[in-house]
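A short worksheet on the structure shown next.
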Amino acid sequence: MIKVRTRYFGKIRELLGVKTEEYNVKEGATLADLLLSYIPERHKEESKAWNETIFRTVKGERLLNKDGTPILKNYLILIDGKTSSLKQKLKEGNEIAVLPPFGGG
C-alpha cells in the first residue's frame, strides 16, 4: 500500500465536508482508481453527488473517452501541482488537488 494525500477546494470541499484526507491505495493504483473507487467508498452518502459533480454524466451514467477513462467536467485534478492523465499511477507521497472550474475573463 502507498499513502497519498488529497486536497479539496470549492464546491467539492463543501460537498465532502473535509479539506484534506489521506488514502492508502494499492500499489499500481491510478488517479482514476482514486476518483472512481477510493473517494466514493469513503464518502458513501455523497458518492452520487461526487460522481455527478466531478464527471460528465448522462442520466447518472459516466461518459467515457475512447480509452475507457471517464470524462471530467471542468474540474482540474493535479498530482504534485501538475496536470496529469487519469491513467497516471499514484506514487508514495503524491498530493492530489481537486480544483473547481475557474471563472474569469
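- Hydrophobic clustering keeps Leu34 apart from Leu99 (ILVMFWY residues linked when any side-chain heavy atoms are closer than 4.5 Å, directly or through intermediates).
- With contacts defined as side-chain heavy-atom distances shorter than 4.5 Å, the pair Leu76/Thr83 qualifies.
- Contact annotation: the side chain of Ile79 approaches that of Gln88 to within less than 4.5 Å [non-hydrogen atoms, C-beta and beyond].
- Within a 6.0 Å radius of CD in Glu92, more than 12 heavy atoms belonging to other residues, nucleotides or ligands are found.
- Side-chain N/O atoms of Asn94 and Arg5 include no donor and acceptor closer than 3.5 Å.
- Note: Ile54 CD1 to Leu15 CG = 8.5 Å, rounded to the nearest 0.5 Å.
- Within a 6.0 Å radius of CD in Glu45, no more than 12 heavy atoms belonging to other residues, nucleotides or ligands are found.
- Taking every heavy atom of both residues into account, Gly10 and Pro100 meet most closely at CA-CG, 4.2 Å.
- For the pair Leu63/Pro70, no side-chain contact is recorded, criterion being any heavy-atom separation below 4.5 Å from C-beta on.
- Between Tyr38 and His43, the closest side-chain pair of non-hydrogen atoms is not below 4.5 Å.
- Nearest heavy-atom pair, Ile12 versus Trp50, reported as atom, atom and distance to 0.1 Å: CG2-CZ3, 3.6 Å.
- The shortest non-hydrogen separation linking Val18 to Tyr8 is O-CD1, 3.6 Å.
- By the 4.5 Å heavy-atom criterion applied to side chains, Arg62 and Asn51 are counted as neighbours.
- Listed here is the closest heavy atom pair of Thr6 and Ile39: CG2-CD1, 4.4 Å.
- In terms of heavy atoms, Glu21 sits closest to Arg42 at OE2-CD, 3.2 Å.
- Annotation for Lys73: atom NZ counts as buried by contact number, over 12 foreign heavy atoms lying within 6.0 Å.
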Exercise. Decide side-chain hydrogen bond (donor to acceptor under 3.5 Å, both in side chains) for Ser37 and Asp33; before the verdict, give the C-alpha distance in whole Å, the side-chain angles of both, and the deciding distance to 0.1 Å.
Key: CA-CA 5 Å; Ser37 300; Asp33 294 330; 5.3 Å; no
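- Of all heavy-atom pairs spanning Leu31 and Ser84, the tightest one is CD2-OG, 3.9 Å.
- Residues Tyr23 and Glu41 fail the side-chain proximity criterion, which asks for heavy atoms closer than 4.5 Å.
- Residues Val98 and Phe9 are not in side-chain contact: their nearest non-hydrogen atoms beyond the backbone lie 4.5 Å or more apart.
- Between atom CD of residue Glu46 and atom CD of residue Glu52 there is a gap of 13.5 Å, rounded to the nearest 0.5 Å.
- Linking Ile, Leu, Val, Met, Phe, Trp and Tyr residues whenever their side-chain heavy atoms come within less than 4.5 Å leaves Leu35 and Leu78 in two separate clusters.
- Ile96 places a side-chain heavy atom less than 4.5 Å from the side chain of Val4.
- The NZ atom of Lys11 sits 5.5 Å away from the OH atom of Tyr75 when rounded to the nearest 0.5 Å.
- Between the side chain of Thr53 and the main chain of Ala49, a donor-acceptor pair closer than 3.5 Å is present.
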Quiz prompt | side chain to side chain contact (heavy atoms under 4.5 Å, CB included) assessment of Lys87 paired with Thr69 | solution = CA-CA 8 Å; Lys87 290 186 169 189; Thr69 59; 3.7 Å; yes
